[in-house]
Amino acid sequence: MKVTINNKKIEVDENAILEDVIKKHFKEKNIVAANVDDSLRDLSDSVTNNSIIEPITTDDKDGLDILRHTCAHIFGHAIKQIYPEVKMVIGPVIENGFYYDILSKNPITEKDLIIIENRMRKLAKKNYSIKREVVSKDKAISIFKDRKEPYKIELLKEINDKEIIAVYHHEEYVDMCRGPHLTNTKHLKAFKLMKTSGSYWKGNSENQALTRIYGTAWPDRDSQDAYLKSLDEAEKRDHRLLGKKLDLFHFQEESPGMVFWHDKGWTVFNLIKDFITRHLRKNSYKIINTPQILDKSLWKKSGHLDKFGDLIFDVGSEKKEFAIKPMSCPGHIQVFNQGLKSYKDLPLKYAEFGVVHRNEPSGTLHGLLRIRAFTQDDAHIFCTSDQIEHEISLLINDIKSIYERFGFNDLKIELSTRPEKRVGSEEIWDKAESSLKKALESNKIDFTVNPGDGAFYGPKIDFSLRDSLGRVWQLGTIQLDFSMPGRLDASYIDSDGNKEVPVMIHRAILGSLERFVGILIEHYSGNLPLWLSPVQVILLNITDTQSEYTSSLNEQLQGLGLRSECDLSNEKIGYKIRNHAMTRVPYMIIIGDKELQSKTVSVRDRAGNDLGTMNTEEFIELIKKEIY
RNA sequence: GCCACCUUAGCUCAGUUGGCCAGAGCAGGGGUUUUGUAAACCUCAGGUCGUCAGUUCGAAUCUGACAGGUGGCUCCA
């Protein structure tokens with residue numbers, strides 16, 4: 001029998017298994033599986049004639065996934081030894097580790113995690129062999145019947161009769177898996193159970209509630225430590241923590257999911273809002289404002305009440321039933337409907353910093369990132385179907401340049417198509433989806449398609465960005481709507497004098513301004529760029545002798561429109577520097593007798609760099625340059 | 001909304017198997033100090049231990065309900 005290894009034909013014994021062949025030809029110790037003719041195989045598999053064999057190590061993505069998958073099995077092995085009555089559900093690999101869903105009568109607490117983890121460690125240290133066995137579907141069902149694992153049987157029932165079913169024997173524990181898996185537990189050197197969570201059978205909240213245990217696993221201790229350290233780093237950047245430390249905003253229980261903005265946070269919020277407003281003015285948007293509360297009949301007509309009624313806050317008044325607006329679009333159509341519109345008026349762009357309220361389930365709330373009242377940088381473009389492609393092209397480029405201004409260059413763009421719950425005919429959806437696709441393609445944009453993820457009224461393009469920690473945030477959205485204008489009686493007169501229904505494009509660039517502030521805080525770890533810093537310069541005197549000069553400099557800077565403050569308190573300079581560096585003020589100016597005499601300033605930045613002594617004019621030039 | 005966990009001074013946290021007036025650091029007030037590049041010193045004040053109910057001679061500590069929060073799940077127009 002012959003196989004190809006390293007581009008060389010090699011003679012091997014009949015009945016040889018992959019492990020034997022690989023061990024003979026490769027020195028690496030962390031080989032966990034094999035790639036045979038471009039498919040992953042267990043090392044215990046037999047060698048097939050004329051195949052091309054490559055080793056897979058824990059340094060490979062596939063090898064690491066195999067290690068993590070086996071780690072999930074070891075978790076199963078351990079928990080069944082400790083709690084034999086637990087039912088195993090599924091245990092897939094995820095980013096950085098794995099999880100296992102189980103059904104347990106008793107809650108699994110953090111103490112249990114320690115106990116289970118210790119048992120896993122003990123099992124891994126035994127360096128036992130993991131045995132793969134290929135079985136028929138009936139055999140597999142009987143195995144899991146004996147083991148009293150109803151969920152495994154349910155999963156088996158869904159598997160095609162012809163598919164190969166493998167079970168893996170971990171001493172007395174048996175799990176089912178497509179594989180491949182480690183052949184020995186000796187490769188499991190670094191793993192940790194992280195947390196528990198609730199989950200549902202098949203991810204459906206109507207189904208049986210299960211317990212999910214998350215774990216992480218790595219080829220060695222160092223890479224695990226690096227991962228755990230990166231989690232700590234992310235925690236330090238948490239916008240909720242920094243929001244408190246930097247005095248930006250707070251939440252309190254009388255208004256769950258709604259922000260109390262403090263002056264510094266509100267300054268950042270308004271700087272972002274002003275920036276977007278300038279963009280709107282430059283691009284012929286009309287900036288409007290519509291009521292917070294509208295009669296429920298309007299929401300009924302728009303279709304929102306039927307689809308999203310649970311998330312709408314109700315308000316009663318006398319005999320009328322109102323709803324607090326969860327979106328601005330119906331309001332914008334009311335403005336459009338005032339006065340007769342001609343095709344010459346199109347495209348007509350209405351923008352609003354609309355404050356919307358959505359009664360999100362309590363469990364979903366998360367700082368500024370998921371709240372119940374937020375401000376959208378929302379706009380609706382009324383246009384003809386011929387104008388769609390051009391308008392979408394403009395938007396795509398606007399969105400990209402705005403993200404870049406805030407320091408985000410790594411974008412991800414997705415096209416979402418028709419969902420199950422939707423309004424409008426199939427023809428309308430076909431047309432809508434194809435115009436979005438054309439706009440993306442003509443701009444040579446890389447995008448992925450997200451089938452079934454569109455809004456109920458039309459398909460959409462979503463813009464996500466990656467922050468400095470590599471996390472992805474969905475922000476902007478462009479949504480085509482061929483339904484709502486008609487439902488709410490919007491129309492224009494075309495060039496032939498006929499009444500036509502306009503197309504509406506919903507678009508948001510930053511999405512929720514509140515959420516965007518949260519993302520910015522985490523991206524910059526609180527060190528906002530100079531143009532967004534609530535306080536840009538802090539002036540510090542050394543002793544009382546310089547207070548007057550310090551105050552007059554402060555007034556001078558404020559007069560130029562800079563956000564500066566001074567700290568004349570009776571404290572040592574080191575103390576003042578520390579305090580203001582911790583609140584992330586970009587520039588500190590230190591003024592002592594030397595500076596007073598020579599009419600100069602001594603400049604320091606928040607990172608601790610001493611920028612030396614300079615004239616006030618030089619300093620002003622320096623920061624003006626940085627602001628833009 | 002679902003599962004688990006958390007809630008002690010403005011903030012960050014101690015508080016031993018239930019036991020006299022609940023502790024610390026920082027922040028805050030008062031004083032001393034007039035200070036040169038990331039925390040000067042002294043002193044004072046701060047809390048119905050998330051809320052309500054229960055067990056107990058006695059509850060921050062044990063039990064239950066509720067509220068808010070945290071991590072996920074579901075959801076996210």
Side-chain angles (χ1 to χ4, degrees), chain A residues 99 101 104 106-113 194-214 235 238 240-241 244-245 247 250-257 299 302-304 307-308 310-312 325-330 356 358-367 369-371 376 378 419 421-422 453-458 460 474 477 479 481 484 506 508 511-512 515 540-547 569-582 588-595 602-613:
Chain A
Y99 69 75
D101 279 349
S104 172
N106 301 313
I108 302 293
T109 65
E110 270 170 49
K111 277 178 202 149
D112 295 313
L113 292 189
M194 303 294 283
K195 60 198 174 193
T196 63
S197 135
S199 66
Y200 304 100
W201 170 237
K202 305 222 163 197
N204 186 337
S205 58
E206 312 267 300
N207 291 347
Q208 173 69 51
L210 305 168
T211 305
R212 176 169 299 177
I213 289 102
Y214 286 89
E235 213 170 300
D238 192 309
R240 294 164 298 183
L241 199 86
K244 203 181 261 178
K245 267 195 188 164
D247 193 19
H250 84 271
F251 289 92
Q252 64 186 57
E253 64 177 280
E254 285 81 356
S255 189
W299 301 109
S302 71
H304 289 92
K307 303 281 175 193
F308 305 105
D310 290 350
L311 294 180
I312 292 179
K325 73 172 173 189
M327 294 184 80
S328 297
C329 24
V356 296
R358 299 177 185 179
N359 198 0
E360 305 281 357
S362 56
T364 64
L365 303 177
H366 179 97
L369 302 181
R370 189 77 188 274
I371 50 187
Q376 287 183 313
D378 200 12
K421 258 186 170 184
R422 61 176 180 262
D453 219 26
F456 74 89
Y457 45 67
K460 59 179 182 172
Q474 202 245 295
T477 182
Q479 309 181 350
D481 188 342
M484 211 188 296
H506 305 244
S512 149
R515 183 160 178 267
L540 315 172
N541 61 336
I542 303 278
T543 70
D544 291 347
T545 325
Q546 309 93 29
S547 353
S569 62
N570 174 15
E571 296 289 354
K572 290 177 81 169
I573 194 68
Y575 179 87
K576 293 195 200 183
I577 287 170
R578 181 167 197 272
N579 275 349
H580 298 291
M582 290 204 306
M588 279 171 257
I589 286 181
I590 290 128
I591 296 161
D593 280 338
K594 271 186 275 172
E595 289 77 14
S602 171
V603 185
R604 202 192 136 96
D605 69 16
R606 60 187 157 194
N609 303 309
D610 190 345
L611 306 186
T613 304

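If you're wondering where the values come from, they're calculated on a predicted model, not measured in any experiment. Lettering follows sequence order; numbering is per chain, from 1.
Nucleic acid contact class of L311(A) (heavy atoms, under 4.0 Å, all strands): base. Counting any heavy atom pair closer than 4.0 Å across all strands shown, K572(A) reaches a base atom. Here T543(A) lies in heavy-atom contact (under 4.0 Å) with a base. Backbone-only contact: Y214(A) has heavy atoms under 4.0 Å from sugar-phosphate atoms and none from a base. Across all strands shown, E595(A) has heavy atoms under 4.0 Å from base atoms, whether or not it also approaches the sugar-phosphate. In this structure, H366(A) reaches the sugar-phosphate backbone alone: every heavy-atom distance under 4.0 Å involves primed, P, OP1 or OP2 atoms, never a base. Residue-level contact check: Q252(A) touches neither bases nor backbone, having no heavy atom under 4.0 Å from any strand. Across all strands, Y457(A) comes closer than 4.0 Å only to sugar-phosphate atoms, never to a base (heavy-atom distances). Residue I542(A) is classed as a base contact, given a heavy-atom separation below 4.0 Å to a base.
Remark: S302(A) engages W299(A), H304(A), P330(A), M484(A), L488(A) in a side chain to side chain contact (heavy atoms under 4.5 Å, CB included) (not counting sequence neighbours).
The pair D101(A)-R212(A) meets the salt-bridge criterion, since a charged nitrogen lies less than 4.0 angstrom from a carboxylate oxygen.
Here the NZ-CD1 distance, from K594(A) to I542(A), works out to 8.5 Å after rounding to the nearest 0.5 Å. If you take OG1 on T543(A) and CD1 on I573(A), they are separated by 10.0 Å, rounding to the nearest 0.5 Å.
Judged by atom type and distance alone, R422(A) does not reach the base of A77(B) through any side-chain donor-acceptor pair under 3.5 Å. If you check distances only, the side chain of R370(A) does reach the base of C76(B) with a donor-acceptor pair under 3.5 Å.
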Legend entry - Footprint string (nucleotides 42-53 of chain B, 5' to 3'): B base within contact, S backbone only, - free, heavy atoms under 4.0 Å: ------------
Legend entry - Under 4.0 Å protein heavy-atom contacts per nucleotide of nucleotides 2-13 of chain B, with B for base, S for backbone only and - for none: BBSS-----SS-
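For the 3.5 Å distance criterion, the side chains of Y457(A) and Q479(A) qualify, holding a donor opposite an acceptor. Looking at S255(A) and Q252(A), their side chains never bring a donor and an acceptor atom within 3.5 Å of each other.
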Legend entry - Watson-Crick and G-U pairing of RNA chain B written in dot-bracket, each distance under 3.5 angstrom, with | for inter-strand partners: (((((((..((((.....[...)))).(((((.......))))).....(((((..]....))))))))))))....
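The shortest heavy-atom contact between G612(A) and D610(A) is N-OD1, 2.9 Å.
More than 90° away from 0 lies the glycosidic angle of G28(B), which makes this nucleotide anti.
For E206(A), the CD atom is loosely surrounded, since the number of other residues' heavy atoms within 6.0 Å does not exceed 12. In this structure, Q474(A) places its CD atom where more than 12 heavy-atom neighbours from other residues, nucleotides or ligands lie under 6.0 Å away. Counting non-hydrogen atoms of neighbouring residues, nucleotides and ligands closer than 6.0 angstrom, the CG atom of D310(A) reaches no more than 12 such neighbours.
By the 4.5 Å heavy-atom criterion applied to side chains, P361(A) and L311(A) are counted as neighbours. Side-chain atoms of I108(A) and L113(A), non-hydrogen and from C-beta on, do get closer than 4.5 Å to each other. You'll find the side chain of L540(A) reaches within 4.5 Å of the side chain of M588(A), heavy atoms only.
Heavy-atom distances to RNA chain B give each of N359(A) and A581(A) a nearest nucleotide, and the one nearer the 5′ end belongs to A581(A).
Going from the C1' atom of U16(B) to that of U70(B) covers 27 Å, rounded to whole Å. As rounded to the nearest Å, U51(B) and U7(B) have C1' atoms that lie 11 Å from one another.
An OP1 or OP2 oxygen of C76(B) is reached within less than 4.0 angstrom by no side-chain nitrogen or oxygen of R515(A).
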Pairs under 3.5 angstrom, nitrogen or oxygen only, protein versus nucleotides 27-32 of chain B, please.
residue	atom	partner	partner atom	Å
A27(B)	OP1	Y575(A)	OH	2.8

Quick test: give all pairs of protein nitrogen or oxygen and nucleotides 64-66 of chain B nitrogen or oxygen below 3.5 Å, distance rounded to 0.1 Å.
none

